[in-house]
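Beneath this line is the structure, given in structure tokens, with notes to follow.
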2 protein chains.
Amino acid sequence: MASSTLSRKIANVLSEEILKGELMPGDRLDEQSLADRFEVSRSPIRDALRELASTRLIEQQPRRGFAVATVDTTTLRNLYEALGELEGLCARYCALRADAVQREHIRMLHAQGQDAIRQHDMSAYAEANHALHRAIYDACHNDALRDITLDVRNRLSMFHARFLFSEDRVAQSRDEHEEVVDCILRNDGNGASEAMKKHVAKTALNIISHIMPDNRKPATPEA
Amino acid sequence: MASSTLSRKIANVLSEEILKGELMPGDRLDEQSLADRFEVSRSPIRDALRELASTRLIEQQPRRGFAVATVDTTTLRNLYEALGELEGLCARYCALRADAVQREHIRMLHAQGQDAIRQHDMSAYAEANHALHRAIYDACHNDALRDITLDVRNRLSMFHARFLFSEDRVAQSRDEHEEVVDCILRNDGNGASEAMKKHVAKTALNIISHIMPDNRKPATPEA
DNA sequence: AACACACTTAATGTCGACATTTATCACTGG
DNA sequence: CCAGTGATAAATGTCGACATTAAGTGTGTT
């Protein structure tokens, strides 16, 4: 929790703020303002920003500073397509390799999500949802694949954070989770993979349909 | 090529040196030494190192500086498994989505590799090989997936760089490429994916069998 | 009135020095 | 002779100031 170095602490704080949606895509991260806010010099701020850039949560343009990463609709679609494939892979390997403890953990997290829905506690559901996906990454027994998937999910989570899901969508999501979990528990790799891909695709459709209407300027003006 | 900022230039130089194998995994990157070598202060060096760390080519341990990333055998296997899946995905999407120009480009690059083999020019083959894989990533029409795959391949290329392949292995590799390219050219997504996964798996086996004998200390001593 | 040029300003890039921490090594005690 | 502790030294972490660049603004001319 308490990282040894200032820059690490600052990076963690900023990271959470971005993930929570307090800092919006496109927001500029001014070094001096941040230095004033954290009451440190610009050096640790620079280090923190560089570190955050490594997660692609923020972007740097030389001589133009850092800004919270923005993505255009195409990139968003691509990221969700990639996330679907990656989570599908995690689910497949999870179904084939997870040990008994991990399977039980996954089963339990899914149950927690169901409880949260019954109590109409959307915040608890979001947490259980996140933990479930995370548990599946962990149980795929491939740390590299887990890290890659987690990175993509984090890049996207700043969009998730800004939208409350309708009760309908949450119920649908629960059913999709159930299919994934069922496949995992019965060692059905292909089934788990397909179910997970379908689940992510539907989530993507839901998010993108919320974002589409807005006229935010395209993010990466690269060719 | 000529990046505007010092740190960017330095990062590029160091990156190439790592990718070429001139800097070996585990080599420490001392800030002061690098500052002396590039005749700049430590600031741009620090920026460059932070930027390199974002590609995972080098690793940072707080208060202990940076070092060229080292991976233990397990991580290496995981990375190759992930690379196989990712390249399989790229090949699948490539087969389904590549346009005529891209298909022709891929066909040509494969032919170049074959020529290189006939002339026993291993350097040219390595280059054509790299270009072919790269062309397949590009033609998958998903920049996010392409970038992720490229990152993993770069992380592994520092190991590739240190081994010359036997003529036997190169010939085998050529045949595997041919199968991939054939599938792509006939829009066979599943075939391309499977062929590519097989190709990467065999390459991995080849590399790992070269590395296994050595007694290098495990890289990431994390729990 | 519109465009172009120059100036001002505010940001990042770079520098050198100081602070802090960690690792090494010598010394002392058992 | 080994182990533990302390000091020393070398590395990274942090700081404040200066240099440089890019953007914005204002003025002058066509």
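Naming: A, B, ... by sequence-line order, numbering from 1 per chain. Owing to the predicted nature of the structure, the values given are computational and were not obtained by experimental measurement.
Taking D138(A) as the reference, R134(A), R146(A) meet the side chain to side chain contact (heavy atoms under 4.5 Å, CB included) condition, with sequence neighbours excluded. The side chain to side chain contact (heavy atoms under 4.5 Å, CB included) test applied to A135(B) returns H105(B), I106(B), L109(B), not counting sequence neighbours. The side chain to side chain contact (heavy atoms under 4.5 Å, CB included) check on D30(A) picks up Q32(A), S33(A), with sequence neighbours excluded.
Mapping R63(A) and S7(A) onto DNA chain D by nearest heavy atom places S7(A) at the nucleotide closer to the 5' end.
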Using atom types as modelled, flag every donor-acceptor pair under 3.5 Å from a side chain in residues 80-89 of chain B to any protein atom, sequence neighbours excluded.
unit_1 : atom_1 : unit_2  : atom_2 : d
Y80(B) : OH     : H160(B) : NE2    : 2.9
E81(B) : OE1    : R97(A)  : NH1    : 3.1
E81(B) : OE1    : R97(A)  : NH2    : 3.2
E81(B) : OE1    : N142(A) : ND2    : 2.9
E81(B) : OE2    : R97(A)  : NH2    : 2.6
E85(B) : OE2    : Y93(A)  : OH     : 2.4
E87(B) : OE1    : H133(B) : ND1    : 2.7
E87(B) : OE1    : Y137(B) : OH     : 3.3
E87(B) : OE2    : Y137(B) : OH     : 2.8
E87(B) : OE2    : R153(B) : NH1    : 2.5

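By the neighbour-count criterion of 12 heavy atoms within 6.0 Å, atom CZ of R103(B) is densely surrounded, having more than that number from other residues, nucleotides or ligands.
Think of the region where chain B sits on DNA chain D: with heavy atoms and a 4.0 Å cut, that region ends 5' and 3' at dA11(D) to dT14(D).
Look at CD on Q32(A): it is 10 Å from C1' on dA11(C), rounded to the nearest Å. Here the P atom of nucleotide dT21(C) and the CD atom of Q61(B) are 18 Å apart, to the nearest Å.
In this structure, CG on L132(A) lies 9.0 Å from OG on S173(A), to the nearest 0.5 angstrom.
Scanning residues 40-53 of chain A for heavy-atom distances under 4.0 Å to DNA chain D yields V40(A), S41(A), R42(A), S43(A), P44(A).
Side-chain contact annotation: R50(A) with S7(A), donor-acceptor N/O pair under 3.5 Å absent.
Checking side-chain atoms of S193(B) against main-chain N and O of G189(B) turns up no donor-acceptor pair under 3.5 Å.
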